[in-house]
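Only heavy atoms go into these numbers, but all of them, side chains included; no hydrogens, no water, no symmetry mates. To find a chain, count down the sequence lines: A is the first, B the second, and so on, and within it residues start at 1.
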Protein chains: 2
Amino acid sequence: MARATTASAQAWTDAAYARFQSGGLRAVRVEVVGRDLGATKGSFYWHFGNRQDLVAAVMRRWEAEQTDAVIRAADAGGDARGRLSALFAAVAASAPHRGGEARLYVEASEEGVGDAVLRVSRRRIDDLSELLVQVGFDESEAARRATIALAAVIGLQQLAVAEDSSPGEFGGAALTATALAMTVSRDEPTSRLA
Amino acid sequence: MARATTASAQAWTDAAYARFQSGGLRAVRVEVVGRDLGATKGSFYWHFGNRQDLVAAVMRRWEAEQTDAVIRAADAGGDARGRLSALFAAVAASAPHRGGEARLYVEASEEGVGDAVLRVSRRRIDDLSELLVQVGFDESEAARRATIALAAVIGLQQLAVAEDSSPGEFGGAALTATALAMTVSRDEPTSRLA
DNA sequence: CATGTTCCGTACGCTACCGTATGGCTCACA
DNA sequence: TGTGAGCCATACGGTAGCGTACGGAACATG
């Protein structure tokens, strides 16, 4: 049986995923992951064809986890507004654990896995969009607002990474609340001030 | 006169900046920039101490240009609302030319130039924040909204990069208009739907 | 014309990667 | 017990970077 999913292949993927989470795809180096594992390239190239296969495995796992997370977020009971605030809170809470994802948008195209990133992004937009429709926005406005909201989350990640893991000027709960408010609020009819 | 700013040093910085604009700091490689220039490392290491010096020069230039851009944007006449929409439109229009900046947030910490990125980010937030105050928000709310708005712009850049320079699902004018609306709109008093 | 300074090309060493070749260990099983 | 398959370590070749050593060209200037 050639190159089945043996325990070792799984171990390689696990270790690679750990590297990815902290340093992005760029940190998924076969010799480095091998050292984490106490193994050498001899093992790696028996289980995988090349580094791209490992990166692809990492991305499959990432996509699956993100999909699961979305499903769990949608499972949270309550009305649409409650689900919205729960979703924003969950995103804010999980921000520190997504250092790898911050690097993903740029790396995706270079590593040839841009499609997975786009699928996950569109899925996130679609799910958020659906909630916004339930709150009263029409489809296209909801889609636009969902896109902007996702972009805001991604941008905050970027700023946090640039800050280099300091306390977190860009990670507070107040920002999350503001982002939610901006996402669900409509223009007020009478504009104050010119 | 040791290592003055000769024409060649300027040429190295120019060529490095061009590389940065298209491929980020990661694309600023001594030998590659040298090839662009028809020169070799012998020249480089006469004018610069090491690669970090070149990266620092690129960042100085980037920071100066961004500051200039902010000043020009503020110069645009009109009331606060007009300046806001002009600002959003200008940002959207310049998006295609900022492929290097998209990579900057992640690279900044790795290359040790995170401070420049943070200065520019804070400056952008401050300027936008001031406009939002003029439109009627209190200081802290304006600051939060400005942060989210900047994050949204950054996030759209990230999504566009992940898309790998395809037509541009994340670059339309409709999104820009929505982002502006979300930034300046307050909660409507009566919430429709539960 | 001699000499020193400025500037730069070439050659080298070093590290970190990827991928390949090859030999050898271990275990199932005939 | 012998043998083949599965698994892996070691060693090697190759590329892309950074930084250094060194020699030499060009030019000014005494």
Looking only at the side chain of [X] (C-beta and beyond, no hydrogens), which of the listed nucleotides [options] gets closest?
{"X": "B/Lys41", "options": "D/dG17, D/dG19, C/dT20", "result": "D/dG19"}
{"X": "A/Arg35", "options": "D/dG6, C/dC17, D/dA9", "result": "C/dC17"}
{"X": "B/Thr40", "options": "C/dT10, D/dC18, D/dC8", "result": "C/dT10"}
{"X": "A/Glu31", "options": "D/dC18, D/dC8, C/dC17", "result": "C/dC17"}
{"X": "B/Tyr45", "options": "C/dC17, D/dA9, D/dC18", "result": "D/dC18"}
{"X": "A/Arg29", "options": "C/dC17, C/dG9, D/dA9", "result": "C/dC17"}

[X] side-chain N/O to [N] phosphate OP1/OP2 under 4.0 Å:
{"X": "B/Arg51", "N": "D/dC18", "answer": "yes"}
{"X": "B/His47", "N": "C/dC8", "answer": "yes"}
{"X": "A/Ser8", "N": "D/dC8", "answer": "yes"}

When the distance from [atom1] of [X] to [atom2] of [N] is rounded to whole Å, what number comes out?
{"X": "B/Leu37", "N": "C/dC8", "atom1": "CG", "atom2": "C1'", "value": "12 Å"}
{"X": "B/Asn50", "N": "D/dT20", "atom1": "CG", "atom2": "P", "value": "8 Å"}
{"X": "B/Arg26", "N": "C/dC17", "atom1": "CZ", "atom2": "P", "value": "11 Å"}
{"X": "A/Leu54", "N": "C/dC18", "atom1": "CG", "atom2": "C1'", "value": "13 Å"}
{"X": "A/Trp46", "N": "D/dT10", "atom1": "CH2", "atom2": "C1'", "value": "19 Å"}
{"X": "A/Glu110", "N": "C/dC18", "atom1": "CD", "atom2": "C1'", "value": "17 Å"}
{"X": "A/Phe48", "N": "D/dC8", "atom1": "CZ", "atom2": "P", "value": "11 Å"}

Please evaluate residues A/Arg35 and A/Glu31 with respect to the criterion salt bridge (Lys or Arg N to Asp or Glu O under 4.0 Å), reporting the C-alpha separation (whole Å), side-chain torsions for both, the decisive distance (0.1 Å), and the verdict.
CA-CA 6 Å; A/Arg35 275 194 287 277; A/Glu31 277 153 317; over 6 Å; no

Heavy-atom donor-acceptor pair, A/Asp115 side chain to A/Leu118 backbone, under 3.5 Å
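Side chain of A/Asp115 to backbone of A/Leu118: no pair is present.
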
Taking A/Leu128 as the fixed residue, which of A/Thr147, A/Leu87, A/Val133, A/Val91 is the one that meets the side chain to side chain contact (heavy atoms under 4.5 Å, CB included) rule?
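Going through A/Thr147, A/Leu87, A/Val133, A/Val91 one by one, the side chain to side chain contact (heavy atoms under 4.5 Å, CB included) with A/Leu128 is satisfied by A/Leu87 alone.
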
Before you tell me yes or no, could you show the steps for A/Arg186 and A/Phe137 under side chain to side chain contact (heavy atoms under 4.5 Å, CB included), namely the whole-Å CA-CA distance, both residues' side-chain angles and the distance that decides it to 0.1 Å?
CA-CA 9 Å; A/Arg186 294 164 185 79; A/Phe137 291 100; 3.8 Å; yes

Is it true that A/Arg103 and B/Glu110 make a salt bridge, defined as a side-chain N closer than 4.0 Å to a carboxylate O?
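Judged by the 4.0 Å cut-off on N to carboxylate O distance, A/Arg103 and B/Glu110 do form a salt bridge.
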
